[in-house]
Trainee: 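My questions all concern the structure below.
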Amino acid sequence: MSLIVQKFGGTSVADVEKIRAAARKAIRAQRQGHQVVMVVSAMGKNTDVLLDLAGQIGENPPAREMDMLLSTGEQVSVALVAMAIHELGAKAISLTGGQIGMKTDNSFSKARIQSISTERIQRLLSEGNIVVAAGFQGIDDDLNITTLGRGGSDTTAVALAAVLGADACEIYTDVDGVYTTDPRKLPEARRVEVISYDEMLELASLGAGVMHSRSIEFAKKFGVPIHVRSSFSDTEGTMIVAEPESMTQPVSGAAMTADEARVTVLGVPDVPGKSLQIFSAIAARKIAVDMVVQNVGQDGSADISFTVPRGELNATLAALDSVMKSVGAKGITHDDEVSKVSVVGMNMARQANVASRMFRALADANVNIQMITTSEIKISALVSKRQSADALRAVHEAFDLHIRPADAKNWKQIKADRSEADFETLVNRLRADALEALTLTGISLTNDQARVTLHGVPDRPGIAADMFEMIGQASIFVDMIVQGYDGEDGSTSVSLTVEKKDLAKTIEVAKTIQAKHGMRDLQSADHIAKITVSGIGLRSHTHVATLLFDRLAADNINVEMINTSELQVNAVIDATNAAKATDSLKKAFAESLM
Ligand code: ADP
Ligand code: ASP
Ligand code: MG
């Protein structure tokens with residue numbers, strides 16, 4: 001008998017009528033011959049109401065009590081949904097996180113799932129019940145109630161689908177699928193019929209709130225196909241599967257996080273180990289850092305810039321405060337009026353000029369880019385919050401995201417693909433006691449790389465577009481790009497990596513760019529290597545970058561450039577040390593390597 005997990009978000013159970021509608025959907029699936037597990041969120045904005053209440057009691061509520069409080073929202077809805085099912089003549093049992101055996105670690109408000117016991121659910125299902133499970137919550141070893149983080153019911157649903165070996169996981173929500181960007185922010189956004197796990201994971205992590213990013217980690221690891229669809233209609237929505245929608249279009253979606261903060265640690269002594277101190281202090285608080293840019297200064301000190309969610313700025317500054325002395329940095333600056341705009345696409349890595357196209361679109365919209373980071377399937381630009389809506393629109397249009405690609409898969413093809421795909425490989429090897437443990441798929445080394453850095457890049461719209469168009473015209477394929485703050489004069493520096501064979505050509509072009517825009521300095525390195533740690537959910541596992549810095553520092557190896565995504569962490573180092581570094585990392589990550 002087939003098994004379906006159906007998840008209903010807050011808006012989908014916001015009132016009694018909607019609860020009845022959700023109950024009817026589950027009953028219908030059961031009558032069609034499926035076993036049905038429902039995962040339900042708190043009604044409407046109930047979680048926000050509870051948060052607000054806690055805020056009225058005091059500013060710093062104990063984390064344990066916060067989770068105790070927030071979990072009640074879901075408990076209300078599961079009971080009501082089960083009652084509605086009874087009322088409509090079918091059998092249902094509601095269960096809390098604890099009752100479904102959802103074991104987590106004890107990091108309140110950000111708990112990770114360790115194991116789920118399925119016997120009780122299986123028994124109840126075989127007795128003919130619809131099982132209505134509370135989303136977002138679990139229990140730790142001491143039976144404390146924990147929560148998985150805002151939006152975490154998606155993760156409960158996909159995790160249950162994974163461990164129960166469900167045939168489908170349906171996410172019922174207030175949009176009829178995944179769009180090329182948030183349709184509330186951009187009405188011209190287009191609904192896609194299919195999107196790949198990798199793209200959805202990256203988009204979710206970069207601001208596409210339609211799915212909790214950790215749910216996609218589960219889906220990818222366990223090969224769970226996810227169907228995102230409207231709870232208010234019966235139309236088919238979007239399938240999240242292994243394959244992308246198109247094999248040609250460079251970008252499949254754009255995302256924005258409106259509320260970001262940029263932090264720069266100034267004058268960090270340029271010796272191995274300093275980044276480690278900075279980032280381990282932040283990672284210890286489980287704050288996910290993004291857009292890390294390290295500018296190797298000319299005076300033996302470096303400026304390290306990165307972004308964090310705006311809501312985590314104070315905690316980040318507090319963490320930094322505790323290590324500033326031992327780091328020996330000169331000071332900290334920050335800006336909390338910034339937004340991050342990103343484009344994501346599986347085919348990006350194989351196409352030239354994707355970055356310059358994005359930068360040109362921003363320049364044409366008169367948007368200044370403050371920082372840039374790229375990885376194999378995404379490009380992020382930090383812009384002022386004031387210009388963020390314009391930036392998103394410009395980028396969406398530049399990549400024709402509103403137009404269906406000619407080779408886009410249709411609904412029938414997705415289903416066919418799904419049955420052919422090989423989902424099994426990773427599944428069986430996962431340890432049963434740490435479902436959300438870090439999963440690494442490899443550590444590899446790319447030699448024959450070179451780096452070029454331009455210092456004193458003027459901080460105004462159009463410069464990045466101009467630079468990367470000129471590089472593109474010279475047929476140079478750029479791998480990594482990072483741009484960030486460079487000293488106190490407001491200028492930035494841009495570093496890029498290319499293949500070694502293209503270095504001479506790149507320096508020529510860089511010299512022209514330098515002269516044209518009056519940039520201060522040009523540096524290059526012809527003996528560098530890139531170490532790549534690949535896996536699933538690398539950014540949300542905040543210790544990955546820390547451990548990498550730690551191992552490299554222990555070997556006295558300086559990290560020249562770094563980029564992070566959910567799928568990879570790349571570090572550029574001097575090639576002399578490359579073999580040693582790879583060995584150290586393989587040892588350090590041995591536990592997590594599949
Ligand atoms: P639920 O309560 O059902 O979990 P959420 O509010 O968490 O619903 O997620 C649905 C919302 O996600 C939509 O209303 C939409 O505004 C937003 N969203 C953000 N990015 C996207 C996207 N790329 N595609 C669709 N919806 C998106
Ligand atoms: N109720 C929780 C929240 O509002 C979990 C969820 O809806 O996914 O974040
Ligand atoms: Mg949600």
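First listed ligand is number 1; within each ligand, the first listed atom is number 1. Everything numeric here is computed off the predicted structure, so don't read it as measured data.
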Trainee: Looking at Ser205 and Leu201, would you say the former's side chain and the latter's main chain have a donor-acceptor pair under 3.5 Å?
Mentor: no
Trainee: If you count heavy atoms of other groups shown closer than 6.0 angstrom to CD of Glu337, is the number above 12?
Mentor: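 Atom CD in Glu337 is packed in, count exceeds 12.
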Trainee: Ignoring hydrogens and angles, tell me if any N or O in the side chain of Arg229 forms a donor-acceptor pair with the backbone of Gly177 under 3.5 Å.
Mentor: no
Trainee: Measure the distance from atom 7 (O) of ligand 2 to every protein heavy atom, then report the residue, atom name and distance (to 0.1 Å) of the closest one.
Mentor: Ser41 OG, 3.1 Å
Trainee: Which ligand 2 atoms, with their elements, are less than 4.0 angstrom from a heavy-atom of Gly152?
Mentor: 5 (C), 8 (O)
Trainee: Assess, by modelled atom type and distance only, whether the side chains of Lys103 and Ser115 contain a donor and an acceptor separated by less than 3.5 Å.
Mentor: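 No pair is found: no donor N or O on one side chain lies under 3.5 Å from an acceptor on the other.
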Trainee: Give the atom numbers and elements of ligand 1 that come within less than 4.0 Å of a heavy atom of Val178.
Mentor: 24 (N)
Trainee: Does one side chain, of Glu199 or Tyr197, offer a donor that lies under 3.5 Å from an acceptor on the other?
Mentor: no
Trainee: Going by distance only, is there an N or O of Gly10 that falls short of 3.5 Å from an N or O of ligand 2?
Mentor: no
Trainee: Among protein heavy atoms, which sits nearest to atom 2 (O) of ligand 1, and what does the distance come to when rounded to 0.1 Å?
Mentor: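 Answer, as residue, atom name and distance: Gly10 N, 3.2 Å.
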Trainee: Are Lys7 and ligand 1 in contact, using a heavy-atom cut-off of under 4.0 Å?
Mentor: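 Right, Lys7 reaches ligand 1.
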Trainee: Write out the residue and atom name of the closest protein heavy atom to atom 14 (O) of ligand 1, then the distance separating them to 0.1 Å.
Mentor: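 Nearest protein contact, heavy atoms only, for atom 14 (O) of ligand 1 is Arg184 NH2, 2.5 Å.
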Trainee: Does Gly177 have a heavy atom less than 4.0 Å from any atom of ligand 1?
Mentor: yes
Trainee: Taking distance alone, with no angle check, do Asp154 and ligand 1 share an N/O pair under 3.5 Å?
Mentor: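 In fact, backbone or side chain, Asp154 has no N or O that close.
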Trainee: Among all protein heavy atoms, pick out the one at the shortest distance from atom 24 (N) of ligand 1; state its residue, atom name and that distance to 0.1 Å.
Mentor: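 I find the closest protein heavy atom is Tyr179 N, 2.9 Å.
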Trainee: Just let me know how Val210 lines up against ligand 1, side chain, backbone, both or neither, with a heavy-atom cut-off below 4.0 Å.
Mentor: both
Trainee: Can you tell me if CE on Met68 sees more than 12 non-hydrogen neighbours from other groups inside 6.0 Å?
Mentor: no
Trainee: If you count every heavy atom of other residues, nucleotides or ligands that lies below 6.0 Å from Gln56 atom CD, does the total exceed 12?
Mentor: yes
Trainee: Establish, from distance only, whether the side-chain atoms of Arg539 and Ser213 form a donor-acceptor pair under 3.5 Å.
Mentor: no
Trainee: When you look for heavy atoms under 4.0 Å from ligand 1, do you find them on the side chain of Thr181, its backbone, both, or neither?
Mentor: backbone
Trainee: Any heavy atom of Gly151 closer to ligand 2 than 4.0 angstrom?
Mentor: yes
Trainee: Any donor and acceptor pair, going by atom type alone, linking the side chain of Asp140 with main-chain N or O of Asp142 inside 3.5 Å?
Mentor: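 Such a contact is found between Asp140 side chain and Asp142 backbone.
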Trainee: Can you tell me which portion of Ser41 lies within the under-4.0 Å heavy-atom range of ligand 1? Options are side chain, backbone, both, or neither.
Mentor: neither
Trainee: Any nitrogen or oxygen of Asp174, side chain or backbone, less than 3.5 Å from one on ligand 1?
Mentor: yes
Trainee: Give the C-alpha distance, both sets of side-chain angles, the deciding distance and a yes or no for side chain to side chain donor-acceptor pair (under 3.5 Å) between Thr235 and Asp176.
Mentor: CA-CA 7 Å; Thr235 52; Asp176 57 1; 4.8 Å; no
Trainee: Has Gln99 got more than 12 heavy atoms of other residues, nucleotides or ligands less than 6.0 Å from its CD?
Mentor: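 Yes - once you tally the heavy atoms of other residues, nucleotides and ligands closer than 6.0 Å, there are more than 12.
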Trainee: Any protein heavy atom sitting closer than 4.0 Å to atom 9 (O) of ligand 1?
Mentor: yes
Trainee: Is there a donor-acceptor pair under 3.5 Å between the side chain of Glu193 and the backbone N or O of Trp411?
Mentor: yes
Trainee: Tell me the protein heavy atom at minimum distance from atom 1 (P) of ligand 1, and give that distance in Å.
Mentor: Thr173 OG1, 3.6 Å
Trainee: Which ligand 1 atoms are under 4.0 Å away from a heavy-atom of Gly209?
Mentor: 7 (O), 9 (O), 12 (O), 19 (C), 20 (N)
Trainee: To which protein heavy atom is atom 6 (C) of ligand 2 closest, and what is the distance rounded to 0.1 Å?
Mentor: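 Here the nearest protein heavy atom works out to Ser153 OG, 3.4 Å.
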Trainee: What do you reckon, does Glu74 put a non-hydrogen atom under 4.0 Å from ligand 2?
Mentor: yes
Trainee: Among protein heavy atoms, which sits nearest to atom 15 (C) of ligand 1, and what does the distance come to when rounded to 0.1 Å?
Mentor: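 For atom 15 (C) of ligand 1, the nearest protein heavy atom is Asp182 OD1, 3.3 Å.
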Trainee: For atom 9 (O) of ligand 2, what is the nearest protein heavy atom, given as residue, atom name and distance?
Mentor: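 Answer, as residue, atom name and distance: Arg150 NE, 2.6 Å.
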Trainee: Count the heavy atoms of every other residue, nucleotide or ligand shown that sit under 6.0 Å from NZ of Lys91, and state whether that count exceeds 12.
Mentor: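 More than 12 within 6.0 Å, yes.
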Trainee: Report yes if some N/O of Asp154 lies less than 3.5 Å from some N/O of ligand 2; otherwise report no.
Mentor: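 Asp154 vs ligand 2: no N/O contact under 3.5 Å.
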Trainee: Indicate whether any N or O donor in one side chain lies under 3.5 Å from an N or O acceptor in the other, for Ser109 and Thr147.
Mentor: no
